[in-house]
Amino acid sequence: MKISIPIFVANKAHLKNKLFILLFVVTTINFAQTARKYSNEFMNIGVDAAALGMSNAVTSSSNDVNSGYWNPAGLIGLEGKQASLMHASYFANIAQYDYAAYATPIDDESAWGFSVIRFGVDNIMNTTQLIDSQGNVDYNRISLFSVADYGVTFSYARKLKVPGFQYGVNSKIIRRIIGKFASSWGFGFDAGLQFERNDWKFGLMLRDITTTYNVWAINETEYNTIKDAVTGQNQALPENTEITLPKAQLGISKKFEFHNETSLLAAANLNMSFTKTNDIFSTNGLSIDPALGFEYGYTDLVFVRAGVGNFQNVVQIDNSTKVAFQPNVGLGFKYKGIQIDYALTDLGDQSAALYSNIFSLKVDLSIFGQ
């Protein structure tokens, strides 16, 4: 069952993009008592421009404050307190994505951290009440609302007694808000594992291992204002629970050091969903999307990154199928504990050139005496 909010647009040129994103975000939200292929997808976009520049192929190599997102086991790699920030704009600057994280070692064997993500569209015009009961257009009846998703993650990591092994766990709180129409709370868990031997690193990340369970509350008063606006839609209240299926990432990486103070990190991921999707390898019970990433570094000061991922089988107009993919590139600069990273990412069909510029900041707080 879906809930959709109809929009009667007075100025089409001004509201064209906002109408698109409203329909995209709101009408695709399913309230159901069964598991869905796509749920809480804002938690899968990715954080940290350094990782995004490598097409997210960092499950095995992540070892800093951002590991709370990519693989909490990597928090063991922290040498001190770190903080990270990222901001990105999607869909022609309509949707805003913000991320902040903090992590610190507890002792030589363990570490902890937390992060906050917000993905939202603000100042959406609700014109469902634009025309009053007498058929008059009254612009004072237009109101504004926001559609926003929040994710708060608490992470813990610890070394295992077996040399080279470390694990991490996440507990997640999800908050989703659709103006005054509906809101939900969700809870879930992730688990990660990393292993290193002979300079090869291996990683496994299990997201939503117990399934993440969202419970929705619908404002029936507000709902009644839109339920009859479009014939055949919103005639009955949608169900109020939503389940996010588990996903898994399996990674491998190796860093090659050269004599001229340069290095090359090569990494690969297999991103797995336990359902049938458009991924390049797909069955009824498992779909796999590979990703490759590279990072060339000079004196641990300057970094150049590239990656390719999101391999999808795309059906053409003539019903033929082609393989589409997402290339990413990035740059990074690190100096005295401050690292600034940039990524140019393709969000969809390469022919549409839907690229986004993403910047992130990572700081070793020891430079401030912390």
Side-chain angles (χ1 to χ4, degrees), residues 46-67 69-71 73-84 86 103 105 108-109 111 157 159-160 162-166 168 192-205 249-270 290-309 325-345 357-367:
V47 303
D48 180 27
L52 294 171
M54 296 177 63
S55 291
N56 306 345
V58 296
T59 300
S60 62
S61 61
S62 182
N63 62 355
D64 58 17
V65 60
N66 299 306
S67 296
Y69 178 90
W70 295 112
N71 187 339
L75 292 174
I76 292 297
L78 287 167
E79 296 181 356
K81 299 176 181 178
Q82 282 188 350
S84 180
M86 189 190 85
D108 292 339
E109 304 294 326
K159 289 183 180 179
L160 291 170
V162 180
F165 278 95
Q166 55 206 37
L193 183 69
Q194 287 183 339
F195 171 65
E196 181 175 0
R197 174 166 291 181
N198 298 328
D199 296 327
W200 285 91
K201 293 184 177 181
F202 306 87
L204 175 64
M205 177 63 169
Q249 286 89 43
L250 183 64
I252 182 173
S253 62
K254 184 179 174 77
K255 188 173 184 178
F256 301 89
E257 303 279 356
F258 305 110
H259 295 298
N260 57 353
E261 297 185 285
T262 62
S263 64
L264 177 65
L265 172 64
N269 256 34
L270 293 178
L292 298 173
F294 301 91
E295 178 187 78
Y296 176 82
Y298 176 68
T299 67
D300 199 33
L301 179 68
V302 179
F303 305 91
V304 179
R305 305 180 181 97
V308 60
F325 58 89
Q326 176 179 317
N328 294 346
V329 295
L331 296 171
F333 178 78
K334 182 179 179 181
Y335 182 69
K336 291 186 176 180
I338 298 178
Q339 182 169 330
I340 298 175
D341 295 296
Y342 164 78
L344 180 64
T345 68
N357 298 285
I358 299 174
F359 293 89
S360 65
L361 171 68
K362 183 174 66 177
V363 180
D364 292 322
L365 297 178
S366 60
I367 65 174

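Smallest separation of non-hydrogen atoms from V58 and A51: CG2-CB, 3.9 Å. Between G46 and Y69, the closest heavy-atom pair is N-OH, 3.1 Å. The minimum heavy-atom distance linking K159 with I76 is given by the pair CE-CG2, 3.5 Å.
S253 contributes no side-chain N or O that, together with a main-chain N or O of A267, makes up a donor-acceptor pair within less than 3.5 Å. Side-chain atoms of Q166 come within 3.5 Å of backbone atoms of A73 as a donor-acceptor pair (strictly under, hydrogens ignored). Y342 places no side-chain N or O within 3.5 Å of a backbone atom of N357 that could act as its donor or acceptor partner. Checking side-chain atoms of N328 against main-chain N and O of L52 turns up a donor-acceptor pair under 3.5 Å. Formation of a donor-acceptor pair under 3.5 Å by the S360 side chain with backbone atoms of D48 is not found in this model. Although no hydrogens or angles enter the test, the distance criterion places a donor-acceptor pair under 3.5 Å between the side chain of W70 and the main chain of V47. The backbone N or O of T59 sits nowhere less than 3.5 Å from a side-chain atom of S62 that would complete a donor-acceptor pair.
Judged by distance alone, the side chains of N260 and T262 do bring a donor and an acceptor atom under 3.5 Å apart.
At most 12 heavy atoms of other shown residues, nucleotides or ligands fall within 6.0 angstrom of atom NZ in K255. The local environment of CD in E79 is sparse, with at most 12 non-hydrogen atoms from other residues, nucleotides or ligands closer than 6.0 Å. By the 6.0 Å contact criterion, OH on Y298 is open, its count of non-hydrogen atoms from other residues, nucleotides or ligands being 12 or less. For I340, the CD1 atom is loosely surrounded, since the number of other residues' heavy atoms within 6.0 Å does not exceed 12.
Inter-residue side-chain proximity for M86 and N66 is flagged as unmet; no heavy-atom pair is nearer than 4.5 Å.
Checking K362, Q339, Q82 one by one against D64, the side chain to side chain donor-acceptor pair (under 3.5 Å) holds for a single residue, K362.
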So F294 and L265, side chain to side chain contact (heavy atoms under 4.5 Å, CB included) or not? Walk me through it.
CA-CA 6 Å; F294 301 91; L265 172 64; over 6 Å; no
Stepwise side chain to side chain contact (heavy atoms under 4.5 Å, CB included) check, V304 with L331
CA-CA 5 Å; V304 179; L331 296 171; 3.9 Å; yes
